[in-house]
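Beneath this line is the structure, given in structure tokens, with notes to follow.
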Amino acid sequence: MRALSFLLVLVPSLAVAGIERRTIERAGSGAFPDDADELVYRLDFTWQGQPTETSEISVRKSAIALNDQFRGDLRGMREGEVRRFSGHEIDGLTCDHFGCGPAKRFTARIELTKVIAHHDRLPDGMHIAAHPLRVVDATDSAELGGDDVASIREVRVVGTNVEIDVTYQPETRPGETRTMSIDELRARLADARAVLALRRGELRSARELLDHALALAPSLDEARAHRANVLLRTDGADAANEALTDLAARRPVWLLYRVSTDKLLAGLAGLPAVKALTTAGGNVEPSAFEERDLVVLAEPSGRYLGVYWTATYTDWVVRVIDRQSARVVESVSVMCSRGRIHRESLETCRAKSPGARVLAELGFAPTNTATMLGRYDAQVERIDDIEIIRTIGRELTVKRVVASPPATIPATNVALATTAAPATTSTSAATEPRRPHAWPLAGLAAVLLIIVAARVSISGHKHPR
């Protein structure tokens, strides 16, 4: 019983929870913990009237498992708070293809004993939250972009910047520190408020918010695209197109993807700056999304390459590589609907995703590469002087390589060697008789020793009569 209860506490996915009642036995105090903070709590779990081992658990607030039946409660508790739970749940270990056993009664008590802060206080009441990674204040929330994070480990204020240490799933993929300015966080919140105003039809308010956002962070392209949408509705297509020209030149993949997948920006699709991004000849087929073979995509301008990669357990993307800098500059999601996954292969499903269609419209298609390594868990492909390394569970690596030196000595080196050597050296080398190499004689001596040793061994071995 003790072993069973241990599994139920530490692996909540093995049981189908049914919390029917929760009560606050004691209120907590202080502020609610940030997602980077560490929660230390005591869990007393009783299964079918029998108390189990009491567990003391320490976990970052953002790392509480999504399938933890107490996740919502833990995220809403303050230090010192105690909550009690009761209900029925089905033991997942009793389930098979015929069904599961009957639900059994359980009770639980959680006490949040300690909160260890791992965040610096941000101005304007802002906080950094996870799932997805975003900045929030008292009223609004704005996503910070990038891959889905598994947890936030630390939030630091360094001068006018904020550093956010994050982790990913799978755990073999290293975490990283994301850095952005405090003004960018403010700008993203202003952009989020502008989107809400746009949806309400409040164009003047939306434009003021977007102008403020771009004054804070001129490089915030989300705000620039939303501002073009406002201009389209207030000043006409020419003004909107002019506002998009620079963005279309700098980030064509990002812009076409956003216009194609964001209903709020769909009206921009007819502008000349956006229509000029599409080209014929694109071909992003299921083979581009194979796990075993690394297929490199290229587009007609020669500016970008594309490689499929499993970014996290919850997202599949195509990393877009800038050939000039040999860096990943964009990520295009190729997630598809779960209903379709059950009807066709994953590769076909990804090839029908909105992201894959956008890549095809941009002219991406498979290109010829040199295979340097072709294992299932690690593939290396080279195109020109760019090497792409894809390893399961790790970040995609792109690097510029120097071409391998030729097998023969270059002519310049031969010329230098000829002029440096005196003429007499060349003559004596040509006329001097060649000395016999020593290694054939040594080899012959070794063979003779082996034969002698063998004969001695045979003569010394007496067969029984």
Identify whether the distance between the nearest side-chain nitrogen and carboxylate oxygen of E25 and R84 falls below 4.0 Å. yes

I'd like to know if R400 and D385 make a salt bridge, using a cut-off of under 4.0 Å between side-chain N and carboxylate O. yes

Is it true that T371 and E381 share a donor-acceptor pair across their side chains at a distance under 3.5 Å? yes

Restricting to non-hydrogen atoms, name the atom on V307 and the atom on I321 that form the minimum distance, rounded to 0.1 Å. CG2-CD1, 4.2 Å

Has D37 got a side-chain atom pairing as donor or acceptor with D34's backbone, closer than 3.5 angstrom? yes

Is atom CZ of R71 surrounded by more than 12 heavy atoms (other residues, nucleotides or ligands) closer than 6.0 Å? yes

How about D44 and T54: does a side-chain donor come under 3.5 Å of a side-chain acceptor? yes

Backbone N or O of L264 within a donor-acceptor pair of the N229 side chain at under 3.5 Å? yes

All heavy atoms of G281 vs all of A365, minimum pair found to be O-CB, 4.1 Å

Considering only heavy atoms from C-beta outward, does the side chain of K61 approach that of R75 to under 4.5 Å? yes

Under 3.5 Å, is there a donor-acceptor pair between the side chain of E299 and the main chain of G306? no

Donor-acceptor under 3.5 Å (S345 side chain, T348 main chain): yes

Exercise: identify the closest heavy-atom pair between D221 and W254: O-CH2, 3.5 Å

Correct closest heavy-atom pair for A206 and V230 would be CB-CG2, 4.3 Å

Using a strict 4.0 Å threshold on nitrogen-to-oxygen distance, state whether R134 and E143 make a salt bridge. no

Any side-chain to backbone donor/acceptor pair from R258 onto V253? Under 3.5 Å, distance only. no

Could you tell me whether the side chain of H131 reaches within less than 4.5 Å of the side chain of D148, counting heavy atoms only? no

Please walk me through it: do L144 and M180 pass side-chain contact (heavy atoms from CB on, under 4.5 Å)? CA-CA 9 Å; L144 301 182; M180 55 191 63; 3.9 Å; yes

Ion pair check, D35 and R60, cut-off under 4.0 Å: no

Side-chain ion pair, R292 and E290, N-O less than 4.0 Å: no

Residue pair E89 / F45: nearest heavy atoms and the distance that separates them: OE2-CZ, 3.7 Å

Do R204 and E208 sit within salt-bridge range, that is, some charged N less than 4.0 Å from a carboxylate O? yes

Is R78 positioned over the aromatic face of F32, cation under 6.0 angstrom from the ring centre and no more than 45 degrees off axis? yes

Would you call E344 and K352 a salt bridge, taking side-chain N to carboxylate O under 4.0 Å as the test? yes

Using a strict threshold of under 4.0 Å (side-chain N to carboxylate O), is an ion pair present between R42 and E111? no

Check whether T278 reaches the backbone of K275 with its side chain - one donor and one acceptor, N or O, closer than 3.5 Å. yes

In terms of side-chain geometry, is the basic nitrogen of R224 or D246 positioned less than 4.0 Å from the acidic oxygen of its partner? no

Just by distance, with hydrogens left out, do S333 and D315 show a side-chain donor and acceptor under 3.5 Å apart? yes

Any I152 side-chain heavy atom under 4.5 Å of I128 side chain: yes

Looking at R121, I'd like to know if its CZ atom is crowded, meaning that more than 12 non-hydrogen atoms belonging to other residues, nucleotides or ligands lie closer than 6.0 Å. no

For the atom pair CD (E38) and CD (E154), what is the distance rounded to the nearest 0.5 Å? 10.5 Å

Do the non-hydrogen side-chain atoms of L185 and D124 ever get within less than 4.5 Å of each other? no

Interatomic spacing from CG in L297 to OH in Y308 - rounded to 0.5 Å: 12.5 Å

So does R251 pair up with E330, basic N to acidic O under 4.0 Å? yes

Supply the atom-to-atom distance E347 CD to S287 OG, rounded to the nearest 0.5 angstrom. 9.5 Å

Does the side chain of R83 come within less than 4.5 Å of R26's, by heavy atoms? no

Check ion pair R193-D137 (N to O, under 4.0 angstrom): yes

Let me confirm one number: the CG-CD distance from L271 to E242, rounded to the nearest 0.5 Å. 12.0 Å

Side-chain heavy atoms of E291 within contact of T310, under 4.5 Å: yes

For the student: nearest non-hydrogen atoms of L220 and L214, plus distance: O-CD2, 3.6 Å

Given the rule in the side-chain contact (heavy atoms from CB on, under 4.5 Å) test, do L256 and E361 qualify, once you have shown the distances and angles that lead to the verdict? CA-CA 9 Å; L256 188 59; E361 290 177 6; 4.0 Å; yes

Let me see the working for R188 and E184 under salt bridge (charged side-chain N to carboxylate O under 4.0 Å, His left out), right down to the final yes or no. CA-CA 6 Å; R188 287 184 178 275; E184 182 181 343; 3.1 Å; yes

So, S353 side chain and A356 main chain: donor-acceptor pair closer than 3.5 Å or not? yes

Has the side chain of T113 got a donor or acceptor atom that lies under 3.5 Å from a matching backbone atom of V40? yes

CD1 (I57) and CG (L74) are apart, to the nearest 0.5 Å, by 8.5 Å

Answer yes or no: is there an ion pair linking E176 with R178, defined by an N-O contact shorter than 4.0 Å? yes

Can you check whether K104 reaches W47 side chain to side chain, under 4.5 Å on heavy atoms? yes

Any side-chain donor-acceptor pair under 3.5 Å between H226 and D191? yes

Under a 3.5 Å distance rule, please check whether E202 uses its side chain to pair with a backbone N or O of L198 as donor and acceptor. no

Salt-bridged, D165 to R156, with N to O below 4.0 Å? yes

Spacing of S205 atom OG and R200 atom CZ [to the nearest 0.5 Å]: 7.0 Å

Do L359 and V332 come close enough that some side-chain heavy atom pair is under 4.5 Å? yes

May I ask you to decide if R394's main-chain N or O and W309's side chain share a donor-acceptor pair within less than 3.5 Å? yes

Under 3.5 Å, is there a donor-acceptor pair linking the side chains of S151 and T167? yes

Could you tell me if E20 and H88 have a donor-acceptor pair between their side chains, going purely by distance under 3.5 Å? yes

Got more than 12 heavy atoms from elsewhere within 6.0 Å of CG, D238? no

Are side-chain N/O atoms of Y304 and R323 paired as donor and acceptor at under 3.5 Å? no

Decide, yes or no, whether a salt bridge links E395 with R319 under the criterion of side-chain N to carboxylate O below 4.0 Å. yes

